[in-house]
Amino acid sequence: MYQFTDFEYLNTLNEEQKVAVKTLHGPVLVLSGAGTGKTRVLTTRIAHLLMTQTTKPWNIMAVTFTNKAAREMKERVSSIIGSAAEQILMGTFHSLGAKMLRQHAELVGLKKNFTIIDVDDQLKLIKQILSNHNIDEKRLPAKLFLNIINSWKDKGLTPDKISDNLTNSTNNEKQIYQEYQIKLLQSNCVDFGDLLTQPLELLRTNTDVLDQWQSKISHILIDEYQDTNTAQYLWIRLLCSKTNNICCVGDDDQSIYGWRGAEVKNILSFSKDFENAKTIRLEQNYRSTKKILEAANCLINKNNARLGKNLWTQNNGDENIEISSVYDSSEEAINIGEKIEEKIRDNKKLSEIAVLVRTISQMREIEERFISIGLPYRVVGTKFFDRLEIKDAIAYVRILCNSSDNLAFERVINTPRRGIGSTTIKKLLDISRLEDIQLFHVGENISTYENINLPTKDKINKFIKQINEWKTLKFTQEPSELIDMVLEETGYYEMWRNENSEDANTRIENLKELLISISKFDTLEGFLQHVSLMTDNETNNITGEVTLMTLHASKGLEFEIIFLPGWEEGLFPSSRSLEDSGDVGLEEERRLAYVGITRAKYEVHISYASSRRIHGLWMSSFPSRFLKELPEELSSKVVVSDYNLYDENINYDYQNQTSNPGYGPAWKRFSNNTNYKQKLFISSNSPKIKEISNDEFKKGDRVFHIKFGMGRVANANGDKLEIHFDKAGNKKIKSNFVEKK
DNA sequence: GTGCAGTGTATTTTT
DNA sequence: TACACTGCAC
Ligand SMILES: Nc1ncnc2c1ncn2[C@@H]1O[C@H](COP(=O)(O)OP(=O)(O)OP(=O)(O)O)[C@@H](O)[C@H]1O
C-alpha cells in the first residue's frame with residue numbers, strides 16, 4: 001500500500017480536486033466553471049495513476065483539444081513523473097484516431113501511408129463529383145454538400161447509415177457522399193471527419209480490434225469534454241466499456257464548437273451514460289480577480305440553457321472591466337497599441353497580454369498597427385501551411401509518399417507550367433473515373449491512350465519519369481534536401497524568382513522555412529503525417545510578444561491582460577450565427593464572450609467601434625448587446641474619440657435590426673456630416689490621436705462634450721478625466737475630447 | 001494552353 | 001476590399 005502523504009504534488013490541489021485525482025477507478029466527471037483547475041486535475045490525475053502504479057503509461061489515453069495542449073500536458077506530467085510520460089497516448093481525437101487508423105488501415109481499405117486532406121481538397125473533390133453529375137453549382141453549391149457530409153461525419157454516420165429521412169433525396173446527397181468516399185479511398189486519402197468515423201467503424205465491425213484496444217487502454221482522460229461530438233463520444237464509449245475508467249473534465253458554459261457538431265449533451269448526460277459516475281464540481285476560481293469573475297458570471301447568467309454554478313475567488317484586484325468606445329477599427333487598433341505601450345511602461349510582460357478577436361479578418365488592422373509601432377506580437381493559429389506556395393510544395397511531398405493521391409497529382413502536374421492544361425487534365429480525370437484507376441497510373445500508361453496528342457504525352461511522360469526518380473531518392477536523400485531538389489528541378493523556385501516581386505520573395509522565404517520544418521523529420525512520410533494535423537505555430541514566447549488570436553483559439557489559455565475588440569452587433573454576436581441558429585446561436589456567442597473574459601487574470605479591456613468596413617463598405621455598427629449584460633458597477637467606460645455615434649445604452653431593436661434608425665452604410669449619413677471629412681483626415685494621417693490640449697483640468701471644472709453634453713470633472717489625472725455628465729452619467733474621457741466652459 | 005480583364009460574391013469560428 | 005471564377009484574345 002502507498003500513503004497519500006508521499007505524493008507531494010497533491011498539495012497543489014484543493015480538497016475537491018484531490019477527490020477527483022484520487023478516484024482512480026470508475027467514471028469521473030469534473031464539471032465546473034472557468035479557471036477552477038480542471039486541467040490541473042487531469043494532469044495530476046495522470047501522474048497519480050502512474051505514481052500509485054495503478055496502470056502503465058502506455059495504457060493511458062489522454063485527449064486534449066489541441067495538439068499544443070497535448071504537448072503542454074505531456075510536459076507537465078513529465079515534470080512530475082519523468083520521462084515515462086513520453087509513452088502515454090496523448091493527443092487530440094483526430095491525432096489519436098489517425099494513429100489507430102494507420103495501425104489497421106487495410107481493414108477499411110486504406111494503405112498505411114494514407115494522406116489527410118484539408119477542407120480545400122474536400123471541396124475540390126466534391127466539385128468534381130458535382131460536375132460529373134451535371135449539378136449546377138449555382139443552385140446547389142459544393143459548400144452545401146461539404147457541410148452536410150461533414151456534419152454526418154461528426155455524428156459518426158457512414159454512407160450506409162444515412163437513412164432516407166435524413167436526406168433531401170432530390171439533391172442526391174447520399175449518393176454524392178458515397179461517391180466522395182469512394183474517391184477518397186481511391187486516392188488513399190481521408191478527411192478530418194474520417195479520422196473520427198473510420199476508427200469508430202473499425203471498432204464497431206472488428207471485434208478483435210476492439211478487444212485489442214479495450215485491453216490496451218485501461219484509463220481514458222478527456223479535457224474540454226463539453227466540445228466533443230457524437231462520433232467522438234461513441235468512439236470513447238466503445239474504448240472504455242470494459243474498464244469504465246473514464247475521467248472527463250469540462251464546462252457547459254464553455255461549449256463553443258456547436259457549429260462543428262459538438263454536443264453539450266455529452267457532458268450533461270455523463271452520469272446517465274456511465275453508470276456509477278462520480279461528479280465533482282469545483283467552485284473556486286484561481287485565475288481571475290473578483291470583478292472579472294463577477295462580470296463573467298453575470299453575463300453567462302443570461303443564458304437559459306445551462307446548469308448554473310457558483311464560482312468564487314480569493315483574488316482581489318481593483319481594476320474594473322474597461323469598455324472603450326472608438327470611432328472605427330483603425331482607431332481601435334491605435335488605442336490597443338497605446339494601451340499596450342502603457343503596460344510596457346508599467347513593466348508588464350508582453351507574453352502576458354493577449355488580444356482576442358471574433359473573426360480572423362479583425363486581425364489584419366491590429367497587426368498592421370503593431371508593426372507600425374514596432375510592437376512584437378505573434379499570431380496563434382494562422383496557418384503557415386495554408387499558403388499557396390506551401391501547399392504546392394506539400395503536394396509534391398504527397399505525391400512522393402502516396403502516388404494514389406489524385407488531388408496532389410492534379411495540383412502538381414501543371415505547377416509550375418508544363419504545358420499540360422485544363423483540357424488534358426480533364427481527359428486524364430475522365431479516364432481515371434471511367435477505368436477506376438489513379439491519375440498517376442493513367443499518367444504512367446499515357447502512351448496507350450488514343451485521344452491525347454503526342455507532344456502532350458511526352459510532357460506527361462517526362463513528368464512521371466521525374467517523379468519516379470525522386471521516389472527512388474527518398475531512400476538515400478535527406479527529406480529536406482530531396483524536396484529542395486524537387487523544387488529546384490521542377491523550376492518551382494524559378495517560377496517565383498522570375499516574378500521578381502516582394503511577394504514572390506516572401507514565398508521563396510516561406511519555402512525555405514518549410515524545408516527547415518521538414519528537416520526535423522527522418523522521413524517525408526513522418527513529416528506528412530504530422531503536418532496535416534499541425535495547426536498551432538510552434539513559436540515559443542520567451543522573447544515576449546503580445547499574442548493575437550481568435551476567441552475560439554484562446555480556449556484553455558490564460559493571460560494577465562486581455563483585450564477584446566469588436567464588441568458590436570453583427571460582428572459579436574455574429575449576425576450569421578443568429579441568422580443560422582437563432583437563440584441557440586446567440587447563447588453560443590455569449591459563451592464565447594464568457595470564454596474571452598475568463599481568460600484574464602487581472603485586466604479586461606473591451607472595445608467597440610461605431611463604424612467598421614465590411615466587404616469594403618463602411619458600415620455603422622451598434623454596441624454589442626453583451627455590453628449591457630455586464631454589471632454597470634464593475635465596468636468603466638472610456639470614450640476614446642468624440643466621433644463615435646452610440647454608447648452601449650442605446651436603444652436598439654435586436655430582433656429586427658433593419659428597423660433601427662440609421663442602420664445601413666454609414667457613408668449615407670456621414671456624407672452630410674461635416675465632422676466626417678475632418679475625422680478621416682485625423683485617422684489617416686496622425687498615428688496617434690493625441691493632441692493633448694493645453695487646458696489644465698481640475699476637479700470641479702464645468703466641461704462640455706460633443707456627445708454627452710455638459711458635465712463636471714469628478715477626478716483629474718493628467719489628461720485622463722472622470723466626468724459626471726448631467727445627463728449621461730459617469731464617464732472616463734481624455735481631456736482633449738472636452739472643452740472647458 | 002496561357003494570360004488578362006472583367007465580374008460577382010463573400011468573412012464566423014477549426015480538428 | 002480582395003480573391004475566385006469566367007470568357008475571350010492570342
Ligand atoms: N488548487 C489550486 N491552487 C492554486 N492554483 C490553482 C489550483 N488549481 C489550479 N490553479 C491555477 O488556476 C489556473 C486555472 O487552472 P486550469 O487551467 O487548470 O483551469 P481550468 O478549469 O482548466 O480552466 P478553463 O476551464 O478556463 O480552461 C491555472 O493558473 C492553475 O495553475
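All chains are named by letter (A, B, ...) in the order of the sequence lines, taking the proteins before the strands, and each is independently numbered beginning at 1.
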Separation of atom NE2 in A:H615 from atom P in B:dT9, rounded to whole Å: 12 Å
Would you say A:R102 has more than 12 foreign heavy atoms packed within less than 6.0 Å of its CZ? yes
Using a distance-only criterion (donor-acceptor N/O pair, under 3.5 Å, no hydrogens), is the base of B:dT12 paired with the side chain of A:R358? yes
Let me know the distance between CD of A:Q226 and C1' of B:dT13, rounded to the nearest Å. 15 Å
Spacing of A:E365 atom CD relative to B:dT11 atom P, expressed in whole Å: 19 Å
Toward the 5' end of DNA chain B, which comes first, A:R417 or A:F192, by nearest nucleotide? A:R417
Polar pair under 3.5 Å, donor/acceptor by atom type, side chain A:S361, base B:dT11: yes
Regarding A:K153, tell me which of base, sugar-phosphate or nothing describes its non-hydrogen contacts under 4.0 Å with the strands shown. nothing
What is the distance from CG of A:N150 to P of B:dT12, rounded to the nearest Å? 17 Å
What is the distance, to the nearest angstrom, from the CG atom on A:D120 to the C1' atom on B:dT15? 15 Å
Separation of the C1' atoms in C:dT6 and B:dT11, to the nearest angstrom: 23 Å
State whether A:R364 places a side-chain N or O below 4.0 Å from either non-bridging phosphate oxygen (OP1 or OP2) of B:dT11. no
Taking 4.0 Å as the cut-off, does a side-chain nitrogen or oxygen of A:K127 come that near to OP1 or OP2 on C:dC5? yes
Kindly say whether A:L428 contributes a backbone atom to a donor-acceptor pair with the side chain of A:S432 at under 3.5 angstrom? no
Classify A:Y257 by what it touches in the nucleic acid, base, sugar-phosphate, or nothing, heavy-atom distance under 4.0 Å. sugar-phosphate
Rounded to whole Å, CG of A:N147 lies from P of B:dT11 at a distance of 11 Å
On DNA chain B, nearest-nucleotide positions of A:T550 versus A:T423: which is more 5'? A:T423
How close or far is atom P of B:dT14 from atom CG of A:N229, stated in whole angstroms? 16 Å
Under 4.0 Å between a Lys/Arg side-chain N and an Asp/Glu carboxylate O for A:D121 and A:R411? no
What's the CG-P distance between A:L548 and B:dT13, to the nearest Å? 13 Å
Per A:R576 side chain, nearest of listed nucleotides B:dT12, B:dT15, B:dT13: B:dT12
Can you confirm if the NZ or CZ of A:K555 lies within 45° of the ring axis of A:F65 and under 6.0 Å from the centre of its six-membered ring? yes
Could you check whether A:D580 gets within reach of a base, just the sugar-phosphate, or nothing at all, counting any heavy atom under 4.0 Å? base
Surrounding NZ of A:K265 (heavy atoms of other residues, nucleotides or ligands, distance under 6.0 Å), is the total greater than 12? no
